[in-house]
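Below is one structure, written out as C-alpha cells, with a few remarks after it.
Residue numbers start at 1 and run along the sequence shown. Ligands are counted one by one from 1 in listed order, and the atoms in each one are counted from 1 as well.
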Amino acid sequence: MTVDATGRTSVPGVWAAGNVTNPMGQVIIAASAGSMSAAMINADLIEAEIAEKLAP
Ligand SMILES: Cc1cc2nc3c(=O)[nH]c(=O)nc-3n(C[C@H](O)[C@H](O)[C@H](O)COP(=O)(O)OP(=O)(O)OC[C@H]3O[C@@H](n4cnc5c(N)ncnc54)[C@H](O)[C@@H]3O)c2cc1C
C-alpha cells in the first residue's frame with residue numbers, strides 16, 4: 001500500500017496519518033496530518049456526492 005502527502009492510500013476509501021506514515025513524527029505532526037487528511041476526506045466525499053447527483 002502506498003500513501004500520498006495528504007494521507008490518501010492506494011486502497012480506495014482508506015486514509016492514513018500519523019506514525020503509521022511517518023514514524024519520526026511526534027504528536028503535533030500526527031495531529032496536523034490527521035487534520036489535513038480529514039479535510040481531504042471531506043472534499044472527497046463532497047466530490048463523490050456531486051458526481052452521484054450529476055450522473056445521468
Ligand atoms: C516512549 C515514547 C515517548 C514519546 N514522547 C513524545 C513526546 O514527549 N512528545 C511528542 O509529541 N511525541 C512523543 N512521542 C511520539 C508520539 O507518541 C506519537 O508521535 C503519536 O502518539 C503518534 O500518534 P498516532 O495517532 O499516529 O499513533 P498512536 O498514538 O500510536 O495511535 C495508534 C493507535 O492505533 C491503535 N491500533 C494499532 N493497531 C490497531 C488495529 N489493528 N486496530 C485498531 N487499533 C489499532 C493503537 O493501539 C493506538 O492506540 C513518544 C513516543 C514514544 C514511543
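- Residue W15 is tested with T6, T21, V3 for a side-chain contact (heavy atoms from CB on, under 4.5 Å); the sole match is T6.
- Remark: L45 CG is packed, more than 12 non-hydrogen atoms of other residues, nucleotides or ligands lying under 6.0 Å away.
- Here the straight-line distance linking atom CG of N42 with atom CD of E47 works out to 11.0 Å at 0.5 Å rounding.
- Closest approach of M36 to A5, counting heavy atoms only: CE-O, 3.0 Å.
- Side-chain heavy atoms closer than 4.5 Å link hydrophobic residues (I, L, V, M, F, W, Y) into clusters, and following such links, even through other members, never connects V27 to V20.
- Closest non-hydrogen pair, G18 versus A33, comes out as N-CB, 4.1 Å.
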Which pairs of nitrogen or oxygen atoms, taken one from ligand 1 and one from the protein, are under 3.5 angstrom apart?
| from | atom 1 | to | atom 2 | distance (Å) |
| --- | --- | --- | --- | --- |
| ligand 1 | 11 (O) | V27 | N | 2.9 |
| ligand 1 | 19 (O) | N19 | OD1 | 3.3 |
| ligand 1 | 19 (O) | N19 | ND2 | 3.2 |
| ligand 1 | 19 (O) | G25 | O | 3.0 |
| ligand 1 | 26 (O) | N19 | N | 2.8 |

